[in-house]
Amino acid sequence: MTPFTENVIKLIKQIPEGRVMTYGQIARLAGSPRAARQVVRILHSMSKKYRLPWHRVVNAEGKIVIKDEASYHEQILKLEAEGVALGSLNEVNLETYRWLP
DNA sequence: ACAATGACGGCAG
DNA sequence: TCTGCCGCCATTG
């Protein structure tokens, strides 16, 4: 476990309901501005071991770019359940929902 | 132990 | 403006 990983986990756990963060934003706050992929990896693997709100993390466009379709739909449902309005292309209005720590 | 990969992002062309 | 390539580095096979 690295400090970066811990930071990422902490940040994700801090995201309130009804808000979202982007991968790049998390990477930046965790100390590695270009390490979005690590955030992805951490989310992917850690969400299984820890209970992380991974569904509150979207890409820089506010869209969900997950490969696994089951998880993709699950994320949409969870976001809607928390009050996040999704566009016709399942995109989040980051101006409105982006969480700033 | 080593190589490939991965829910992305930014800069270059 | 839009497309594509490269960086990033922990985790997984």
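Worth knowing before you read on, the calculation uses all heavy atoms, side chains too, and leaves out hydrogens, waters and symmetry mates. Chain letters run A, B, ... following the sequence lines, proteins first, then strands; residues in each count from 1.
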Open item on the list: Could you walk me through whether Glu74(A) and Lys78(A) satisfy the salt bridge (charged side-chain N to carboxylate O under 4.0 Å, His left out) test, starting with their C-alpha distance in whole Å, then the side-chain angles of each, then the deciding distance to 0.1 Å, before giving a yes or no?
Closed with: CA-CA 6 Å; Glu74(A) 183 183 348; Lys78(A) 291 193 176 195; 3.3 Å; yes
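For the pair Phe4(A) CZ and dC8(B) C1', the interatomic distance rounds to 12 Å; values are reported in whole Å. Rounded to whole Å, the distance from NZ on Lys67(A) to P on dA7(B) is 4 Å. Computed from coordinates, the Tyr72(A) OH to dC8(B) P distance equals 12 Å when rounded to whole Å. As a whole-Å value, the separation of Asn59(A) CG from dG10(B) C1' is 14 Å. Rounded to whole Å, atom P of dG9(B) lies 12 Å from atom NZ of Lys63(A). Atom CH2 in Trp54(A) sits roughly 16 Å away from atom C1' in dG6(B) (whole-Å rounding). Protein atom CD1 of Ile76(A) is 13 Å distant from nucleotide atom C1' of dA7(B), rounded to whole Å. Whole-Å rounding puts the Ile26(A) CD1 to dA7(B) P distance at 15 Å.
Both Arg37(A) and Thr5(A) lie close to DNA chain C; mapped to their nearest nucleotides by heavy-atom distance, the more 5′-ward contact belongs to Arg37(A). Residue Ser32(A) is the one, among Ser32(A) and Ser45(A), whose nearest nucleotide of DNA chain C lies closer to the 5' end (criterion: closest heavy atom). Heavy-atom nearest nucleotides on DNA chain B were determined for Pro33(A) and for Tyr23(A), and the one closer to the 5' end corresponds to Tyr23(A).
For the residue pair Met21(A) and Leu11(A), the shortest heavy atom distance occurs at SD-O, 4.5 Å. Across every non-hydrogen atom of Leu100(A) and Gln25(A), the tightest pair is CD2-NE2, 3.6 Å. When all heavy atoms of Leu29(A) and Pro101(A) are compared, the pair lying nearest together is CD1-CG, 3.6 Å. Scanning all heavy atoms of the two residues, the minimum distance from Phe4(A) to Ser32(A) falls at CE1-CB, 3.5 Å.
Only one option out of Thr5(A), Val8(A), Asn7(A) pairs with Val39(A) in a side-chain contact (heavy atoms from CB on, under 4.5 Å); it is Val8(A). Of the candidates Ile66(A), Asn90(A), Val92(A), Ile76(A) forms a side-chain contact (heavy atoms from CB on, under 4.5 Å) with just one, namely Asn90(A).
For DNA chain B, the stems formed by at least three consecutive Watson-Crick or G-U pairs, with both atom-pair distances below 3.5 Å, span B:2-6 with C:9-13, B:8-13 with C:2-7.
Grouping the Ile, Leu, Val, Met, Phe, Trp and Tyr side chains by contacts below 4.5 angstrom, directly or via other members, places Tyr50(A) with Trp54(A).
With distances taken from any side-chain atom of Ser47(A) to the nucleotides dA7(B), dG6(B), dG9(B), the minimum falls on dA7(B). Nearest nucleotide to the His44(A) side chain, out of dT5(B), dA7(B), dC11(B): dA7(B).
Between atom CG of residue Asn59(A) and atom OG1 of residue Thr22(A) there is a gap of 8.0 Å, rounded to the nearest 0.5 Å.
With hydrogens and angles ignored, no donor-acceptor pair closer than 3.5 Å exists between the side chain of Arg34(A) and the base of dG9(B).
Contacts between chain A and DNA chain C, taken as any atom within less than 4.0 angstrom of a protein heavy atom, begin and end at dG7(C) to dT12(C).
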